[in-house]
Amino acid sequence: QSSVLHKFKGVIFSTMSSEELLNSLDSFEAREDDVFLVSYPKSGTHWIAKVIENIPNARLTLTPPIELGDISKFEELKTYCERRVIPTHLSYSMLPMNIKQKQCKEMLCLGIIYIVRNPKDTAVSFFHYYRDNPNLPSIETWHEFFDLFLKGDVVYGSWFDHVLSWEEHKNAKNILIISYEEMKKDPSKNIKKITTFLGLNVTDSEINQIAWKTSFTEMKNNTAKENCDPNHTICALTSNRNLVFRKGAVGDWINYFTSKQKRVFDELFTEKMKHSELAKHFGDYS
Ligand code: A3P
């Protein structure tokens, strides 16, 4: 294990998530109107965050990830006045107690948006992140990374465990599941789902405007302007947005997986995801 990583409850974390903070997650105080933006790394978190930021008159403020930094994080999170949008890559089991227990009050309800992406593309995207991100250990080859990914020996642990932990709660009325692939296929439809879930009224032309502003090309071209603002960190593994916009495509895995790797992966996928409803959705993409 490298010096940039440590283990907490059996799961690998970056040292930018201090042990003290991880140990104290249960002391986080959720608000009735909080929105959590949850995902396994490389599932499209920056994309959905940008969609939310572009909703007109939404009165929402994007905060840094809940698991980034030290114990002062909870005091900092209290200082936000507007409705908070809090990103996190935590699995359901590690999510602060207080978030799970918050009950809805009348119209207000704490909301959780879970973003999921097909695991082969997620693995390839993660491989590049490991290679390019100085906050992650260096990795030599795709083969090496493939094995780590399958074993769950990567930051935030196994993709399978993460998705399954959230899948159990997918029918909760305050959880919205958004998939990367559906978002690619029909951005406007999925942006509408998000605004409706957040209880915000948006016109069709506003939706189209959001879709345009959050297209891959547009976001990639704007990274230079927005780069390295520590207050605009969405993934606890970096605040450097240049590392995020790589290819933005569905199906890039085909350029990396050998036929043997595909077979091994599919076997594990079938075994782990046999009861998963979400997994059915990936059938078309893998
Ligand atoms: P690739 O590495 O496959 O290109 P996250 O935001 O969770 O870190 O996920 C990053 C992945 O989402 C990267 O995938 C990135 O290119 C892709 N992505 C970011 N913004 C996107 C957008 N507007 N449209 C499509 N993909 C996007």
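Ligands are counted one by one from 1 in listed order, and the atoms in each one are counted from 1 as well. Sequence positions, counted from 1, serve as the residue numbers for this chain. Computed from heavy atoms alone, side chains included, the values below leave out hydrogens, waters and symmetry copies.
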Next on the checklist: Does the residue Thr214 have a heavy-atom contact with ligand 1, meaning some pair of atoms that are separated by less than 4.0 Å?
Outcome noted: yes

Checklist entry - Should the pair Lys184-Glu181 be classified as a salt bridge under the 4.0 Å nitrogen-to-oxygen rule? => result no

Item to check | Close N or O approach (Thr45, ligand 1; < 3.5 Å) | outcome: yes

Checklist entry - Of all the heavy atoms in Tyr129, does at least one lie under 4.0 Å from an atom in ligand 1? => result no

Checklist entry - Which ligand 1 atoms does Gly248 reach within 4.0 Å, using its non-hydrogen atoms? => result 1 (P), 4 (O), 16 (O), 25 (C), 26 (N)

Next on the checklist: In this structure, would Phe216 and Met219 fall into the same cluster of hydrophobic residues linked by side-chain contacts under 4.5 Å?
Outcome noted: yes

Next on the checklist: Could you tell me, atom by atom, which parts of ligand 1 come under 4.0 Å of a heavy atom of His46?
Outcome noted: 5 (P), 6 (O), 8 (O)

Item to check | Ion pair Asp266/Lys262, N-O distance below 4.0 Å | outcome: yes

Next on the checklist: With respect to Lys42, determine whether any N or O atom, backbone or side chain, lies less than 3.5 Å from an N or O atom of ligand 1.
Outcome noted: yes

Item to check | Polar contact flag for Lys184 and ligand 1 (N/O pairs, less than 3.5 Å) | outcome: no

Item to check | ligand 1-proximal atoms of Arg117, by part, heavy-atom distance under 4.0 Å | outcome: side chain

Checklist entry - Any idea which part of Ser125 is under 4.0 Å from ligand 1, heavy-atom wise: side chain, backbone, both or neither? => result both

Next on the checklist: Looking at ligand 1, would Val244 count as a contact under a 4.0 Å heavy-atom criterion?
Outcome noted: yes

Item to check | Per-atom contacts, ligand 1 versus Ser215 - under 4.0 Å to a heavy atom | outcome: 23 (N)

Checklist entry - Is Gly44 near ligand 1, meaning one of its heavy atoms is under 4.0 Å from it? => result yes

Checklist entry - Does some side-chain heavy atom of Leu5 sit less than 4.5 Å from a side-chain heavy atom of Thr15? => result no

Checklist entry - When the ring centroid of Trp142 is compared with that of Phe257, is the distance short of 6.0 Å? => result yes

Item to check | Ring-face cation of Lys100 near Tyr92 (centre distance under 6.0 Å, axis angle within 45°) | outcome: yes

Next on the checklist: Looking at Glu277 and Lys280, is any side-chain nitrogen of the basic one under 4.0 Å from a carboxylate oxygen of the acidic one?
Outcome noted: yes

Next on the checklist: With a 4.0 Å cut-off on N to O distance, would you call Asp33 and Arg84 a salt bridge?
Outcome noted: no

Item to check | Main-chain N/O of Thr258 paired to Gln261 side chain as donor or acceptor, under 3.5 Å | outcome: yes

Checklist entry - Non-hydrogen atoms of His128 versus ligand 1: any pair closer than 4.0 Å? => result no

Checklist entry - With atoms numbered from 1 as shown, which atoms in ligand 1 lie under 4.0 angstrom from a non-hydrogen atom of Met219? => result 23 (N)

